[in-house]
Amino acid sequence: MLDAFDGVKIMAFEALMAEYEARRAKALAGGGEEKYAKRKAAGIWNARERIAYLVDQGSFIESGLFGSSGVYPEQADETQTDGKLAGYAKINGRDICLVVNDFTVKGASTSATNGKKIAHMKRTATERGMPLVLIGESTGARLPDAMGSRGMGLLLGNDNTQFRRTREIPMAAAAFGPSFGSSTWLMCQADFAVMQKGATVAVSSPRLVSMALGEKVDTEALGGWRLHAEITGLVDHVVDKEEEAFDAIKKFLSYLPSHHREAPPDAPIPAGSGADMDKVFDILPESRTQVYDMKRVLKSMVDKDTLFELKPRFGKSAVTALARLGGKSVGVIANNPLHRGGALDADACRKIVDFLVLCDSFNIPLVILADTPGFQIGTEAERAGAPGKIMNFMNAMTLVTVPHISVIVRKSYGRAYVCMGGGRHSDEVAAWPSAEVSFMSPEFATKIVHGVGVGEPGFEEKLADIRKGSDVWGLASVYAAQAVIRPQDTRDYLIRMLDVHQLRMSKGVGQHLMRTWPTSY
């Protein structure tokens with residue numbers, strides 16, 4: 001039989017639990033049914049729908065559910081979760097840290113409270129070795145919270161962990177709709193950035209830019225997907241539908257380890273892998289000056305359906321892709337003669353350096369396929385900063401500590417020969433019988449050495465003499481190519497060489513000499 005004190009205690013506890021459930025329900029409701037209904041009518045997912053699709057069912061544990069505006073406590077009723085959902089979950093059985101913006105609450109604008117959420121997730125992911133996923137859709141810094149010295153001190157002055165970046169854990173980000181301010185900063189920091197068509201990634205909104213410049217600003221021109229996929233190179237992957245963005249994040253993470261102190265996970269070898277290798281040489285045209293799509297070679301060579309290209313619309317004379325060979329993660333770098341004949345411009349150099357940094361930081365071995373006439377030259381190249389980008393490329397190659405194997409498929413001329421893994425810039429250099437290596441294109445060399453140009457009498461004879469000294473056998477004779485291989489043997493050769501050069505003494509972990517290299521430059 002309960003005494004009066006026990007009865008009061010039970011009633012007090014029930015009141016506390018009732019308050020808890022009421023507060024929880026309000027927090028889970030976000031910006032309210034009306035805002036969610038408008039988004040649904042427009043075909044836009046809400047934040048919790050995005051989480052449900054991305055992570056393993058039932059694995060999400062929220063952190064900061066009861067967060068709200070700390071600057072203006074009177075806004076607690078309209079700042080549920082303070083506009084950003086954070087927590088821990090699993091993707092394909094692996095733990096991750098997660099932040100998803102809830103645009104229905106103050107436009108997911110950045111505040112002192114939700115900034116702490118981002119910082120906490122980033123810190124926990126880094127210290128505990130878990131990938132970090134950030135889903136952006138935001139209006140930027142919250143006004144008037146950030147105004148004045150007090151606002152700046154609260155918002156930006158206390159915890160720089162939110163924006164400090166070293167590659168100790170993989171970081172993936174996605175942008176939907178308007179993604180200004182922190183959403184843009186985090187996209188720029190991410191190892192993998194995916195953008196839905198129709199989203200805008202920019203420092204400030206068109207409205208603010210128009211006010212500052214006194215002119216109308218087009219949203220697409222300011223920060224649309226074409227700008228970032230084709231010109232700035234800030235976006236690795238572009239999608240039409242929301243689910244495609246989350247599928248891409250899952251696929252990207254599947255190639256990477258959870259943190260930089262472990263090797264990438266293995267995967268089963270799909271049936272039919274390598275089945276087309278006996279036809280791979282047929283992809284090359286008879287004339288070495290004719291173009292072809294290197295991606296066809298790559299798809300034949302790697303495990304079936306595993307080629308996952310990054311930045312396909314940027315620096316298109318180079319291909320950078322994650323893939324698997326024999327069930328193991330690899331990074332693939334290749335020239336693509338379909339664009340500029342495979343000549344490397346400033347964008348292609350930057351794209352390759354970004355990829356070298358990613359792979360070396362997360363212990364992913366590299367495979368390099370060379371077919372390039374060299375670097376792009378001319379006023380356009382100089383204005384794009386080509387010399388600096390080329391030197392960055394060379395520097396990065398000397399800092400790679402994961403196994404890296406090069407195969408010269410056809411042309412490899414000039415300084416690009418070194419950058420694409422020639423000499424001691426690879427652990428092993430192999431070449432197809434079709435390979436040619438020289439200081440420059442034989443046509444140009446013929447003109448310079450013999451004074452005879454294309455179409456002039458004696459050109460073909462002099463050209464043949466120059467080309468004879470460029471063939472693969474000269475390279476092999478001085479041991480600058482450790483192997484000359486049949487094209488159909490390339491897949492088996494690479495699998496074996498990557499096994500030979502695996503980092504046994506460090507259990508597959510490299511030295512990570514580039515882990516602080518800027519993600520956007």
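The structure presented is a predicted model; accordingly, all values stated were derived computationally and were not measured.
Within the structure, the salt bridge (Lys or Arg N to Asp or Glu O under 4.0 Å) test picks out the following pairs touching residues 193-202 (sequence neighbours left out): K197-D240. Counting only residues at least two apart or on different chains, the ring-ring contact (aromatic ring centres under 6.0 Å, His included) pairs with a member in residues 267-310 are F192-F308, H237-F308.
With sequence neighbours left out, the salt bridge (Lys or Arg N to Asp or Glu O under 4.0 Å) criterion links D278 to no other residue. With sequence neighbours excluded, the residues that form a side chain to side chain contact (heavy atoms under 4.5 Å, CB included) with I495 are L325, R491. By the salt bridge (Lys or Arg N to Asp or Glu O under 4.0 Å) test, E428 is found to be paired with no residue, residues two or more places apart in sequence or in another chain being considered. Checked against side chain to side chain contact (heavy atoms under 4.5 Å, CB included), A29 has no partners two or more places apart in sequence or in another chain. Listed by chain and residue number, nothing satisfies the ring-ring contact (aromatic ring centres under 6.0 Å, His included) test with F314 (two or more places apart in sequence, or in another chain). Every ring-ring contact (aromatic ring centres under 6.0 Å, His included) that H512 has, sequence neighbours left out, goes to H260. Among residues two or more places apart in sequence or in another chain, the salt bridge (Lys or Arg N to Asp or Glu O under 4.0 Å) test is passed with E309 by K295. Applying the ring-ring contact (aromatic ring centres under 6.0 Å, His included) test to Y493 and every residue at least two apart in sequence or in another chain returns nothing. Residues satisfying the ring-ring contact (aromatic ring centres under 6.0 Å, His included) test with F180, not counting sequence neighbours, are none. For R313, the salt bridge (Lys or Arg N to Asp or Glu O under 4.0 Å) test picks out E230, with sequence neighbours left out.
A salt bridge between R410 and D371 is present, with a side-chain N of the basic residue lying under 4.0 Å from a carboxylate O of the acidic one. Under 4.0 Å is where a charged nitrogen must lie from a carboxylate oxygen, and between E49 and R39 no such pair does.
Between the side chain of K351 and the backbone N or O of K311 there is at least one donor-acceptor pair closer than 3.5 Å. Between the side chain of T320 and the main chain of I352, no donor-acceptor pair closer than 3.5 Å is present. The backbone N or O of I405 sits nowhere less than 3.5 Å from a side-chain atom of D427 that would complete a donor-acceptor pair.
Residues W517 and S361 bring no donor and acceptor atom of their side chains to less than 3.5 Å of each other.
Side-chain rings of W45 and F176 stay apart, their centers remaining 6.0 Å or farther from each other.
With a 6.0 Å cutoff to the six-membered ring centre and a 45° limit on the axis angle, R324 counts as a cation-pi contact of Y255.
Screening L399, L358, T401 against M514 for a side chain to side chain contact (heavy atoms under 4.5 Å, CB included) leaves a single residue, L399.
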